[in-house]
Amino acid sequence: YGGYDEDLWARCGKAALGSEDAEFGIRIRARGERVGYCAEAVVMHPVIPERATLKNHLRWAYQFGQRESMVSGAFATAGLFLLKTAFSAVWKSIGYFLSGDPAAGVGELMIISRAAGMCVGNSRQSA
């Protein structure tokens, strides 16, 4: 099935970060192979304090949205859905912040950021 798609960086820029394995999985599933889950597998990621900021989380969500639409192509016609999702998340976020639940508010901000990234990814994909 080949290796990771090295052209992802040329197509997606920084948004390709982490997409190589997702694209590879999509490619092998498209050829009828089964991909499984192993509960015993343990993956450790260090928590780097400089990366645990709101700015970095929103940037990550934005870039994830870009690469999701560019790698899978599944959202190329979902513009109205993305707009509704983002609009709903704005109001939910405000409500959560006002009710004293900042974690849920940040979660909604990440949904908005991801939707924005998906829109940009969609526009790059159709260009």
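Below, all heavy atoms of this structure are taken into account, side chains as well, without hydrogens, waters or symmetry copies.
For the atom pair OG of Ser113 and CZ of Arg59, the computed distance is 10.0 Å after rounding to the nearest 0.5 Å. Distance check: Leu58 CG to Leu109 CG gives 6.0 Å after rounding to the nearest 0.5 Å.
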**Study point:** side-chain contact (heavy atoms from CB on, under 4.5 Å) between Phe64 and Met110, worked out
**Key:** CA-CA 10 Å; Phe64 181 79; Met110 290 182 70; over 6 Å; no

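Formation of a donor-acceptor pair under 3.5 Å by the Ser99 side chain with backbone atoms of Gly95 is found in this model. Between the Arg27 side chain and the Tyr1 main chain, a donor and an acceptor come within less than 3.5 Å of each other.
Two residues are said to be in side-chain contact when any heavy atoms from C-beta on lie closer than 4.5 Å; Tyr62 and Arg114 fail this criterion.
Nearest heavy-atom pair, Val106 versus Phe97, reported as atom, atom and distance to 0.1 Å: N-CZ, 3.7 Å. Residues Ala86 and Ile112 share a closest heavy-atom pair of O-CG1, 3.8 Å. Nearest heavy atom pair, residue Glu108 against residue Ser93, reads CB-CB, 3.6 Å.
The aromatic rings of Trp91 and Phe87 stand perpendicular to each other, their planes meeting at an angle above 60°, with 30° marking the opposite boundary.
Neither Ile111 nor Ile94 shares a network with the other; the hydrophobic side chains, linked directly or stepwise wherever heavy atoms of I, L, V, M, F, W or Y lie under 4.5 Å apart, form separate groups for each.
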